[in-house]
Every structure is written in C-alpha cells, then in structure tokens.
Amino acid sequence: MPIVKLAPAYKDYIWGGTNLKEKYGKKCDLNIVAESWEVSTHPDGPSTVVSGPYQGKTLTEYIDALGKDCLGTKGKEFEFFPMLIKFIDSKQPLSIQVHPDNEYALRVEKEYGKTEMWYILDCQPDATLYFGVNQSITKEEFRERIENNTILEVLKEVPVHKGDVFFIKAGTIHAIGAGITLCEIQQNSNSTYRVYDFGRVGKDGKPRELHIDKAIDVSNLNPIESDFKPAGKPVSDENATTMLLATCDYFTSFETTLRGSTIIDVDEESFASMVLVEGNATVENDGEVLELTKGETVFMTAGSGPVKVTGDCQWIFSRV
Ligand SMILES: [Zn+2]
C-alpha cells in the first residue's frame, strides 16, 4: 500500500478564518478553521488515512503497521516522525512567538524543536508578517519590551506576496499577519513560546498564556537577512515546472506546476508527501489510483518508485 490519501486534523484557534473551508475544500463542523494538519503524527492532531485497506487508521498507526522502513533510510534515522505539514489561514494576526531548537526542546519539552517554512498560497494586498528583529537587542531589552508591550517596535515587519518563501529557523521571533493563507512545512513539534498577543483574550475570556522566560532563552536577538524567495530556480520539462522551495536537515520541499502528465520518483531514502494547492490531479502508483482535488494530500512510503501525476494543477512535494 505505497500511496494513500490523508485527511487532516483541524484547529479552530481564535485567529483563524474560513478560507480553508471555502477555497481548499476542507469539510468539518468547526465555524473557523485556523489550521488543517495535513501530514501529522503529532498527538495534538494526527492525520487519518482515508483510502485503501488502512482507511480510518491515524498516520501514526499506519506507519506502525507498515514498520519504520516505510520512512526510508533517511526518514527512519529520526527518533520521531520528523515532519508536520499544515495549511494555515489567518483572518487575524497570530501571536508573536518563537520556537526552541532541537537541543532545547528535547531537553525541556521532550519533543523536537521547530524550524519551519511557510509557502504563501494567497494573501491580501497589504498583508505583512514579522520576521526576526530589526536591530540587535539584548535579553534585558527583549524582556522589558515584552513587559511594557513595545516589542513590535523592534521586530522586522515584511510585506507578503503569493509565492514567497519564509524559512523560519528555530529561535527566529515571528508572527503570521492577518489575511494570509499558507502551507507550512515544519519539524514535528508543537512547542511555541508566545511573547505578545496584541492584547487579545482566548475563548475563555482570559489573556492567553505567555512564555517569557523560555522565549528569552531561545530567541535570536540579531536581525536575519533573507530575500524570501524559493531556494532554487524553476526547472521545466515537457509538462511540469519544479522549483526547490527550501531544504534543511528535517525537510526538503519543492513546488511543481503541471499541465498534462509527469512522473515523480519516490526513492528508498525517504517517504514523501504531496499537498495539492491548485487544480485537480490523478495520482497513480503500482495499480493504486487516487483522485485529488485542491487542498488534498497524499502520503507515499519510501521506495514507492515512479508515481504518475496527471492534471492541470500545482502541488508541494516534501521529503526528508
Ligand atoms: Zn511558528
């Protein structure tokens, strides 16, 4: 059973919108969908297999049933499943936050740290986000500015465009602004240290918790340079144009635009996933045929070999 379709876990965080339901075909009972966790073994929201004989199993149960070899020679070297892939729709800004690196998170949170990548699918014309600091600051100044609500003054606010790539290394203070729909590829972690929440209250009417001491421990307080462009140039064959978005120790992601048919090779090194972000696609491998519509996700075990994709569509392919 080398390729299966996945259904996500949904999150209705207070800042979410309705784009994932209205434009990405997400069907659920929640009024707002802030996030859909498309490829997830995280206990806070595992995705579910919805095709083939393992239908109804979580992705975690599916991988357990097949054995760790299905993650590939590189994929199985990780102690935990390495990746978490989400759609995010921000009607309001997310909190200003930072994530720990592996060393800190494994010690303090007993899970992986979180380096993440955002690929912007859609945004309002004036959308922005926060990416690191705009000047070097000390830990003392960082604490003071969190405590007196002036942290935004020292953060770098960046305009956002469709197709931009934001690589958020662990330790980078950040926040997704309002009016942005994106696909996030990240380490398998839910460790977030919130430092500022725009004076909002949570669903219970109380301010959401801040994690100031931990944030001060892990934050990079020097500016980071980036052009927010994909890591690679577009490469075209007859029907498909593929571009490397970002690569790091935990994930490598490509975007492909297709008119017609093409073959993807899923080798023995890593499992892979394909998240369809535009159009419809037929995905075929070893006698299995899956019909995908915009917003749907396929998980492919390592060594699946040639996967034929047909359609007028665009997707994000990720592997270790
Ligand atoms: Zn984050």
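Each ligand, and each atom within it, is numbered from 1 in the order the structure gives.
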Side chains of residues 248-259: which donor-acceptor pairs under 3.5 Å do they make with residues two or more places apart or in other chains?
from, atom 1, to, atom 2, distance (Å)
Tyr250, OH, Asn102, ND2, 3.4
Thr252, OG1, Thr247, OG1, 2.7
Ser253, OG, Ser318, OG, 2.9
Glu255, OE2, Tyr119, OH, 2.3
Glu255, OE2, Gln314, NE2, 3.1
Thr256, OG1, Thr242, OG1, 2.8
Thr257, OG1, Gln314, NE2, 3.1

Tyr112 side chain to Glu79 main-chain N or O, any donor-acceptor pair under 3.5 Å?
yes
Do any N or O atoms from the side chain of Ser304 and from the backbone of Thr301 form a donor-acceptor pair under 3.5 angstrom?
yes
Does any pair with a residue in residues 159-173 pass side chain to side chain donor-acceptor pair (under 3.5 Å), and if so which ones, sequence neighbours excluded?
His161-Asp164
Report for the Zn ion (ligand 1), protein N, O or S closer than 2.8 Å, by chain and number, lists Gln97 OE1, His99 NE2, Glu116 OE2, His174 NE2
Applying the 4.5 Å side-chain criterion to the ILVMFWY set and letting contacts propagate, would Val298 and Val289 be lumped into a single cluster?
no
Whichever hydrophobic residues join Val160 through chains of side-chain contacts under 4.5 Å
Tyr13, Ile14, Trp15, Trp37, Leu84, Ile88, Leu94, Trp118, Ile120, Leu129, Phe131, Val158, Phe166, Ile168, Ile176, Ile180, Leu182, Ile224, Phe228
